[in-house]
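First comes the structure, then the notes that go with it.
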Amino acid sequence: MLQRKFGFPPIYNEESRVLILGSFPSVKSREISFYYGHKQNRFWKMLCGYFQEEIPATVEDKKDFLLRNKIALWDIATSCEIEGSADATIKNAEIANLSEIISTAKLERIFLNGSLAYALFLQRYEDLPIPYLKMPSTSPANPRYDEETWRKALDEVF
């Protein structure tokens, strides 16, 4: 039987304009207790490249980077049963309650990092009045990753 795993709290403040929702933290991310911890994941390289900044070295510096650039970050599944890091093995996902972020932040867009994040989001938030977009997963397992799609979506807000 799979053991239930838990994700991380959201990173956001009242200035956040974009919310990026992943599916659930990978094994590497869970080891370091922060988002996108796998060195091969393209998330930090893509986002820091967009803002023309170096990738922050520490968790605190990454949090500062996100807030300074008005980005909120969380996972749509706050807990689930999962084998390793594979989204395809996620079962019994608890969907994040976005109400506090939505009522606090000035969100203009929600970006869903990958197919599972998008599918889980639609289970509860399909009628949300904030525009949301399914984005190509930044996971190293995604051969169809397209950084240009991310850049264009970010350009619409920033």
Side-chain angles (χ1 to χ4, degrees), residues 5 7-12 16-56 59 61-63 65-91 93-96 98 101-102 105-158:
K5 307 269 193 251
F8 317 127
I11 309 297
Y12 70 98
S16 300
R17 293 170 59 194
V18 169
L19 170 59
I20 300 174
L21 291 169
S23 54
F24 191 75
S26 68
V27 169
K28 274 286 186 216
S29 296
R30 294 192 305 264
E31 283 174 8
I32 66 162
S33 298
F34 200 66
Y35 301 93
Y36 302 102
H38 194 290
K39 293 273 190 244
Q40 299 303 312
N41 193 298
R42 303 165 183 113
F43 181 82
W44 291 110
K45 183 178 183 211
M46 174 275 301
L47 199 57
C48 293
Y50 179 82
F51 288 101
Q52 299 180 327
E53 293 189 34
E54 294 292 318
I55 298 173
V59 167
D61 288 343
K62 286 177 179 173
K63 287 179 185 177
F65 166 84
L66 292 167
L67 296 177
R68 216 173 354 95
N69 287 292
K70 302 179 183 347
I71 295 170
L73 183 60
W74 204 9
D75 286 313
I76 191 64
T78 57
S79 71
C80 65
E81 296 164 10
I82 184 172
E83 289 179 41
S85 300
D87 277 4
T89 68
I90 289 178
K91 294 184 177 34
E94 182 176 329
I95 306 297
L98 302 179
I101 293 177
I102 290 169
K106 300 174 176 133
L107 295 179
E108 297 174 30
R109 295 272 192 300
I110 297 173
F111 297 153
L112 299 142
N113 191 354
S115 296
L116 182 62
Y118 183 74
L120 292 174
F121 177 86
L122 291 180
Q123 286 180 17
R124 182 179 291 175
Y125 299 108
E126 186 174 15
D127 297 328
L128 197 67
I130 299 166
Y132 54 87
L133 292 165
K134 177 182 171 188
M135 303 299 290
S137 172
T138 59
S139 167
N142 178 21
R144 293 179 304 282
Y145 170 73
D146 177 21
E147 187 167 323
E148 191 57 29
T149 301
W150 277 95
R151 290 185 166 281
K152 286 178 182 172
L154 289 162
D155 279 346
E156 290 180 18
V157 179
F158 300 107

Tell me the closest heavy-atom pair linking S85 and V27, and the distance in Å. OG-N, 2.8 Å
Taking S137's backbone N and O only, do any of them form a donor-acceptor pair with N142's side chain (distance below 3.5 Å, no angle check)? yes
With a 4.5 Å heavy-atom cut-off, do W150 and I20 have their side chains touching? yes
Contacts of type ring pair (Phe, Tyr, Trp, His ring centres under 6.0 Å), residue Y50, not counting sequence neighbours: none
Which distance, rounded to the nearest 0.5 Å, do you find between the CD1 of I90 and the CD1 of I82? 4.0 Å
In terms of heavy-atom contacts, A93 and A77 come closest through CB-CB, 4.0 Å
Over 12 foreign heavy atoms within 6.0 Å of NZ, K5: yes
Has the side chain of Y125 got a donor or acceptor atom that lies under 3.5 Å from a matching backbone atom of Y132? no
So do the side chains of L154 and M46 get within less than 4.5 Å of each other, counting heavy atoms only? yes
How far does OG of S139 sit from CZ of R42, to the nearest 0.5 angstrom? 7.0 Å
Can you check side chain to side chain contact (heavy atoms under 4.5 Å, CB included) on L120 and L21, steps first, answer last? CA-CA 10 Å; L120 292 174; L21 291 169; over 6 Å; no
Please report the closest heavy-atom contact between R124 and I95, naming both atoms and the distance. NH1-O, 3.4 Å
Once rounded to the nearest 0.5 Å, what's the spacing between atom CG of N113 and atom CD1 of I76? 12.5 Å
Can you confirm whether S115 sits close enough to K134 that some side-chain heavy atom of one is under 4.5 Å from a side-chain heavy atom of the other? yes
Looking at CZ of F111 and CD of E156, how far apart are the two atoms once the value is rounded to the nearest 0.5 Å? 7.0 Å
If you draw a 6.0 Å radius around CD in E148, do more than 12 non-hydrogen atoms from other residues or ligands fall strictly inside? yes
Verdict with supporting geometry, L116 and F24, side chain to side chain contact (heavy atoms under 4.5 Å, CB included): CA-CA 9 Å; L116 182 62; F24 191 75; over 6 Å; no
Given 3.5 Å as the limit, does a donor-acceptor pair link the side chain of W44 with the main chain of Y35, or not? yes
Walk me through it: do Y36 and L47 pass the test side chain to side chain contact (heavy atoms under 4.5 Å, CB included)? CA-CA 11 Å; Y36 302 102; L47 199 57; over 6 Å; no
Just wondering, do N69 and E53 contact through their side chains at under 4.5 Å, heavy atoms? yes
Side chains of L73 and F8: does their closest heavy-atom pair fall under 4.5 Å? no
Among all residues two or more places apart in sequence or in another chain, which pass the side chain to side chain donor-acceptor pair (under 3.5 Å) test with Y12? E100
Provide the closest heavy-atom pair for T149 versus M135 in the form atom of the first, atom of the second, distance. O-CE, 3.6 Å
My understanding is that only residues two or more places apart in sequence, or in another chain, count here; which of them pass side chain to side chain donor-acceptor pair (under 3.5 Å) with E147? R151
Side chain to side chain donor-acceptor pair (under 3.5 Å) with S26: which residues, sequence neighbours excluded? S29
Using modelled atom types and a 3.5 Å cut-off, is there a donor and acceptor pairing between side-chain atoms of D146 and backbone atoms of P136? no
I'd like to check the salt bridge (charged side-chain N to carboxylate O under 4.0 Å, His left out) partners of K63; sequence neighbours left out, ordered by chain and number. E60
Give a yes or no answer on whether the side chain of T138 reaches the backbone of N41 with a donor-acceptor pair at less than 3.5 Å. no
Grab the two heavy atoms, one from L112 and one from A117, that are nearest each other, plus how far apart they are. CD2-O, 3.8 Å
Okay, side chain of R30, backbone of G7: is any donor-acceptor separation there less than 3.5 Å? no
With a 3.5 Å distance limit and no angle check, can you tell me whether R109 reaches the backbone of V18 through a side-chain donor-acceptor pair? no
With sequence neighbours excluded, tell me which residues meet side chain to side chain donor-acceptor pair (under 3.5 Å) with D75. none
Do R17 and E108 sit within salt-bridge range, that is, some charged N less than 4.0 Å from a carboxylate O? yes
Straight-line distance of E83 CD to K91 NZ, nearest 0.5 Å: 6.5 Å
Can you check whether I130 reaches L19 side chain to side chain, under 4.5 Å on heavy atoms? no
Should I11 and F34 count as side-chain neighbours, where that means a heavy-atom distance under 4.5 Å? yes
